[in-house]
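Below is one structure, written out as structure tokens; comments come after it.
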Amino acid sequence: MRTVAFGSGARSRMIRALVITALLLSGGTAAVPAAAHAEPPPLPSDDPFYTYDQPLTTTDPGTVLRSRPAPFAFPNLSTPITSTQVLYRTTTQQNTPTAAVTTVLRPLVPGPTRLLSYHMAYDALGSQCNPSYTLTGRTDSPGAVMEQAVIAGYLTAGYTVVVPDYEGLHLEWTVGRQSGYATLDGIRAAEQILGLPASTPIAMSGYSGGSVATEWAAEIAPHYAPELTLVGAAAGGLPVHLAHNLPYVSGSADWAGVIPAMVVAFRRAYNLDTAAFLSERGAQLTDAVETMCLGQFAKRYPGLTDAEMVRAPYHSLLDVPAAAAAVNDNIMGTAGTPAVPLLLAVGQSDPIGDSVMVARDIEALAHRYCGSGVPVTYARYQHHDHIAAFARFQAEAAQFLTDRFAGTPPTTNCASVGPGNSLAPVPIPAG
């Protein structure tokens, strides 16, 4: 069996120590994985558990379709945590029924149920990146292992944690409403599996790609899942308006690879005819990244520009009517108003933002919700880029969620939140 190591260096040792300490504090034991002759599980793309061929039109969103036990493990480290994978009915961006998978994790020390829907930033185009797969210990991504350490911390604190594959079975990354639907339906499915009443308190948290699921779920919950007892949502590093992120990462040394990846995701979600507008290089790059994870594609093409992706007469992906319309369909704050307190956070490492997320966009979203009466805490982490801000956000989110479950009256800094950028849709070009 191929085993995947934590990696080398102080960060890897710290992560391993964190995980073991968390499990020991919660009454569990840490052990070496199963014997070397054990076969690794198939990739989700090859696993029949992830497919469902029966009609779903008369099946309620959130209905459990099947479930199975699964390990909650780290590379070279198994755990005693009880984990269940659940296939459930949810909804696509086009409001048609589909299926998705979530992982339900139970704390070792029982207590009053506090349900946390935690959204990993798996930012993926290939199924090997799915949380339901990497949570079983099959990952070589330091980012995924760090997020598992955060999840282990919540389990130690007595939370029941739900981790959805919110991009869906076809890995439609950055697609907003669909991610929100999958999140809320994953919570519904978890409540069925656990036999929990509708009064069970629920919170949501996610950073970067995980903020897509968190923020959109908070937006649509009042009309899509009004029966859920949500108490708060924490989202950090949010891509509020992708038309503003696009020029920010264009030409970047560290993030330009997200441009062809976003094209792949939108081609899947909106059936874009990419052959009609991609340049020869653009077509090559989208083909190259279509089964990769963020850690593989983000830095793969340093200096790549938006203009290089398209051919004449286009100069940008935003010149393509269908692409511009897809971007507009994913502007945060356009699907509803959250009914719960929010933590919205972002780093600030340069005048625009954290190197990939635009700080004034997140400020604008906070300002919009403040104007609608939502209790919002807006946090900007000065001198922190997108990676560095992760730890700051997780610390603030943990306290925010603790307060929400405790019933502490929410605080807000709305009085000091400026208007930020315009979040108006981009004009749709003729054609």
Ignoring hydrogens and geometry, is there a side-chain-to-backbone donor-acceptor pair from [X] to [Y] under 3.5 Å?
X    : Y    : value
Q192 : G62  : yes
T113 : T160 : no
Q93  : R177 : yes
T156 : A152 : yes
Y52  : A100 : no
R68  : T84  : no
T96  : T92  : no
E219 : A335 : yes
R89  : V64  : no
D123 : C293 : no

Would you say [X] and [Y] make side-chain contact, with heavy atoms under 4.5 Å?
X    : Y    : result
L423 : M332 : no
V358 : N421 : yes
Y166 : Y122 : yes
T82  : L105 : no
S205 : L116 : yes
L135 : Q148 : yes
I193 : S67  : yes
T134 : V145 : no

Quiz question: by atom type and distance under 3.5 Å, do the side chains of [X] and [Y] form a donor-acceptor pair?
X    : Y    : answer
E215 : Y369 : yes
Y381 : D354 : no
T274 : R267 : yes
Y50  : S132 : yes
Y224 : D185 : yes
D361 : H244 : yes
E147 : Y118 : yes
T63  : T59  : no
N95  : Y181 : yes
S127 : S45  : yes
Q178 : E172 : yes
Y270 : Q94  : no
S208 : H386 : yes
N413 : T377 : no

Report task. Under the side chain to side chain donor-acceptor pair (under 3.5 Å) rule, collect the residues that match up with Q54, sequence neighbours excluded. Result -> none

Over all heavy atoms of both residues, which pair between [X] and [Y] is shortest? Give the atoms and the distance, please.
X    : Y    : value
P164 : S117 : CD-OG, 4.1 Å
I362 : L238 : CD1-O, 3.5 Å
L304 : A256 : O-CB, 3.4 Å
A359 : Y378 : O-OH, 3.4 Å
I220 : G180 : CD1-C, 3.6 Å
A397 : Y154 : C-OH, 4.0 Å

Kindly compute the distance separating [atom1] ([X]) from [atom2] ([Y]), expressed to the nearest 0.5 Å.
X    : Y    : atom1 : atom2 : result
S252 : D254 : OG    : CG    : 5.0 Å
L228 : T200 : CG    : OG1   : 9.5 Å
T334 : R368 : OG1   : CZ    : 7.5 Å
L87  : D47  : CG    : CG    : 10.5 Å
M120 : T103 : CE    : OG1   : 9.5 Å
L56  : Y88  : CG    : OH    : 12.5 Å

Report task. Go through the steps to decide whether Y133 and D165 satisfy the test side chain to side chain contact (heavy atoms under 4.5 Å, CB included), and finish with yes or no. Result -> CA-CA 9 Å; Y133 186 75; D165 294 358; over 6 Å; no

Query raised in the report: Crowded around D46 CG? As in, over 12 foreign heavy atoms under 6.0 Å?
Result: yes

Query raised in the report: Does the cation-pi check pass for R404 over F400, that is, NZ or CZ under 6.0 Å from the six-membered ring centre and within 45° of its axis?
Result: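 R404 over F400 ring: yes.
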
Query raised in the report: Think R114 forms a cation-pi with Y159, using NZ or CZ under 6.0 Å from the six-ring centre and within 45 degrees of its axis?
Result: yes

Query raised in the report: For T174 and L242, what are the C-alpha separation, side-chain angles and deciding distance, and is it a side chain to side chain contact (heavy atoms under 4.5 Å, CB included)?
Result: CA-CA 9 Å; T174 72; L242 294 170; 4.2 Å; yes

Query raised in the report: Using 30° and 60° as the class limits, which term best fits the ring planes of Y207 and F390: parallel, tilted or perpendicular?
Result: perpendicular

Report task. Verify side chain to side chain contact (heavy atoms under 4.5 Å, CB included) between V376 and L343, making sure each step is shown before the conclusion. Result -> CA-CA 6 Å; V376 178; L343 168 63; over 6 Å; no

Query raised in the report: Do F297 and W173 have ring centres separated by under 6.0 Å?
Result: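 That pair passes the under 6.0 Å test.
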
Query raised in the report: After noting the C-alpha distance and the side-chain angles of L318 and L246, does the key distance pass the side chain to side chain contact (heavy atoms under 4.5 Å, CB included) rule?
Result: CA-CA 9 Å; L318 297 176; L246 181 61; 3.9 Å; yes

